[in-house]
2 protein chains.
Amino acid sequence: MASKQSTQHKILDAAQSLFAETGFNDTSLRQITSLAEVNLASVNYHFGSKKELIQAVLQRYLLVLMPRLDQEFIRLLAAQQPNSISQVLSVFVKPLLELNKVHQNGTRMFLQLLGRGYTDVQGHLRWFFNHHYGAVLDKLVLLVQQACPALPPSELFWRLHFSLGTVVFTMASNEALAEIAEADFNENVDIEGVILRLLPYLSAAIAAPVPTIAQFSQTAPVAAGEGR
Amino acid sequence: MASKQSTQHKILDAAQSLFAETGFNDTSLRQITSLAEVNLASVNYHFGSKKELIQAVLQRYLLVLMPRLDQEFIRLLAAQQPNSISQVLSVFVKPLLELNKVHQNGTRMFLQLLGRGYTDVQGHLRWFFNHHYGAVLDKLVLLVQQACPALPPSELFWRLHFSLGTVVFTMASNEALAEIAEADFNENVDIEGVILRLLPYLSAAIAAPVPTIAQFSQTAPVAAGEGR
DNA sequence: TTTAGATTCAAACGTACATTTCAAACAGGT
DNA sequence: ACCTGTTTGAAATGTACGTTTGAATCTAAA
């Protein structure tokens, strides 16, 4: 059944699974074409190169996710009074879960792939991402800034990246974590449950009080800078 | 100057830099021996294999760090009243920064390597780590449990893993993040600064209020809580 | 000085990789 | 049925990898 997919589709499906599991550089085109049951040369025929295949795998999700996120951000930015940090983070939930319509386990797949894009050395991916979706993320930064006016821009920058790490790492090891959680706590853990657990964690983290200079001076003379 | 190191030492130094920067699988022995200015075969002669070299690079730091952490944990566990979550997390700072005595930029190197160990696919490393240092980490779990008695065990489990993700991901992409931060905010970002930024973030996150069942049901109207 | 063990060296081994080539198979419009 | 452009196929190209080999060189005790 389901063998009447196009070669391109079969390649994309096989590639995303292997990429998510093993990383981009550690997954060979031979593994991909073998799993997809297509000829080795077809990757270069249909996608040009391995690099472009990686980008195509991500684009399948980004083209669905980012416009959805963008419209949510625009909606929040139009609000009269600033939104709370947990309101801002909440808008991620539905768009992310809708990636499950793109593909089975699409949400988990996408988030794992996103993590690989950051931890593997893929300069072309960073450029690709910022070039296509930088504007959307700028809106997010603005929203968080409004939600947490006490945060200096540089502190906000770091906390957003800390949060990205939380999400990405959790999704990367989701399978193992879910297994342990179910064995130890008898809890049925799906991707939605994990995302909902993340919300209060991240909300509290991003809005955490900023230590004063005095507190810093103990072990570290870090200049708390203001950005521009 | 400083050319009178043993071949093993030169290999370890070169390997840790390249491993931290590029990952374990994406760094070749030829790159390592070329940077170390030693013969290609000497890695296999002195360490046996690439796997064992990876473990040796990590052991140089773990043998210093873990006993220090262990004694800190034992000290905290002996306290009369339970320690706060930020007290518990604070004990990581000094032992981590003392890794700079093991080697220049030792702290950053070690944390990046730790991140690589989790994100790269290195089954042997996971086993190696749990086998040697599982008992130390059990003490940490106990301390956090005492600091946050309101947290159900399953929630604590997830939040500790969220936090591990924060640290590991941040260190894995530390170079890129530091570059951006310096370019955008004119901040000199060293590893100590990042660690000190992580403390309040993680403290607030781990101790975040646990949402009630009712709050879960909608899309997530999570109350923005105050830390501790 | 001799000698035995530890270390270094250049070269090769076998394997795996991304990519290219070009002929074969296929498709749909005429 | 014929042709044209698209897709697939098997094989080969050149490069890089981890590891092994065996001779050359060093080191230090006898």
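In what follows, every heavy atom counts, from backbone to side chain, and hydrogens, waters and symmetry copies are set aside. First the proteins, then the strands, lettered A, B, ... as listed; each starts at 1. Note that the structure is predicted; figures quoted are calculated from it, not measured.
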Trainee: Output the single nucleotide from C/dT19, D/dT8, C/dC17 whose closest atom is nearest the side chain of A/Ser28.
Mentor: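 Closest of the options to the side chain of A/Ser28: C/dC17.
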Trainee: Could a donor-acceptor pair under 3.5 angstrom be found where the side chain of A/Arg30 meets the base of C/dA18?
Mentor: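 Pair found.
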Trainee: Send over the distance from A/Glu37 CD to D/dG9 C1', rounded to a whole Å.
Mentor: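 After rounding, the reported distance stands at 15 Å.
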Trainee: Among C/dT19, C/dT8, D/dT8, find the nucleotide with the atom closest to the side chain of A/Lys50.
Mentor: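 Looking only at heavy atoms from C-beta outward on A/Lys50, the closest nucleotide is C/dT19.
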Trainee: Rounded to the nearest 0.5 Å, what's the gap from CG on A/Leu35 to CD on A/Gln31? Could you check?
Mentor: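 Separation between the atoms: 9.0 Å.
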Trainee: In whole angstrom, what separates A/Ile32's CD1 from C/dA16's P?
Mentor: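 Answer to the nearest Å: 17 Å.
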Trainee: Is the distance between the ring centroids of A/Phe169 and B/Phe169 less than 6.0 Å?
Mentor: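 Aromatic pair excluded; centres sit 6.0 Å or further apart.
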Trainee: Using OP1 and OP2 only, check whether a side-chain N or O of B/His46 sits under 4.0 Å from C/dA6.
Mentor: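 Negative; the distance criterion is not met.
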Trainee: Rounded to whole angstroms, how far apart are OH on B/Tyr45 and C1' on D/dC26?
Mentor: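 These atoms are roughly 11 Å apart.
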Trainee: Can you tell me which nucleotide in D/dG9, D/dT19, C/dA10 comes closest to the side chain of B/Asn39?
Mentor: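 The answer is C/dA10, which lies nearest to the side chain.
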Trainee: Which listed nucleotide (D/dG18, D/dT7, C/dC17) is nearest to the side chain of A/Gln31?
Mentor: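 Selected nucleotide (nearest to the side chain): C/dC17.
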Trainee: Would you say the ring centers of A/Tyr133 and A/Phe128 fall short of 6.0 Å from each other?
Mentor: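 No, ring centres 6.0 Å or more apart.
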Trainee: May I have the distance from A/Leu53 (atom CG) to C/dT19 (atom P), rounded to whole angstrom?
Mentor: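 Checked: the CG to P distance equals 10 Å.
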Trainee: Would you say the side chains of A/Arg108 and A/Gln112 form a donor-acceptor pair under 3.5 Å?
Mentor: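 The answer is yes; a qualifying pair exists.
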Trainee: Side chains of A/Tyr201 and B/Ser163: is there a donor and an acceptor less than 3.5 Å apart?
Mentor: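 Present: a donor and an acceptor within the cut-off.
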Trainee: Which one, D/dT8, C/dT19, D/dT19, comes nearest to the side chain of B/Ser49?
Mentor: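 When the side chain of B/Ser49 is considered, D/dT19 is the closest of D/dT8, C/dT19, D/dT19.
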Trainee: Could you check which of D/dT8, C/dT19, D/dT21 has an atom nearest any side-chain atom of B/Ala41?
Mentor: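 Of all the options, the side chain of B/Ala41 is nearest to D/dT21.
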Trainee: Compare side-chain N and O positions of A/Thr7 against OP1 and OP2 of D/dT7 and report whether any pair is under 4.0 Å apart.
Mentor: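 For D/dT7, neither OP1 nor OP2 has a side-chain N or O of A/Thr7 closer than 4.0 Å.
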Trainee: Mind calculating the distance between CD (A/Glu52) and C1' (C/dT19) to the nearest angstrom?
Mentor: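 Nearest whole value for this atom pair: 13 Å.
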Trainee: Under 4.0 Å, heavy atoms only, any strand: does B/Thr27 hit a base, just the sugar-phosphate, or nothing?
Mentor: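 B/Thr27: backbone/sugar contact only, no base atoms under 4.0 Å.
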Trainee: What's the CG-C1' distance between A/Leu40 and C/dA18, to the nearest Å?
Mentor: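 Checked: the CG to C1' distance equals 8 Å.
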Trainee: A/Asn44 has an atom CG; how far is it from atom P of D/dG9, in whole Å?
Mentor: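 Roughly 15 Å, once rounded to whole Å.
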Trainee: Atom CG of A/Leu29 to atom P of C/dA18: distance rounded to whole Å?
Mentor: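 It works out to 4 Å between those atoms.
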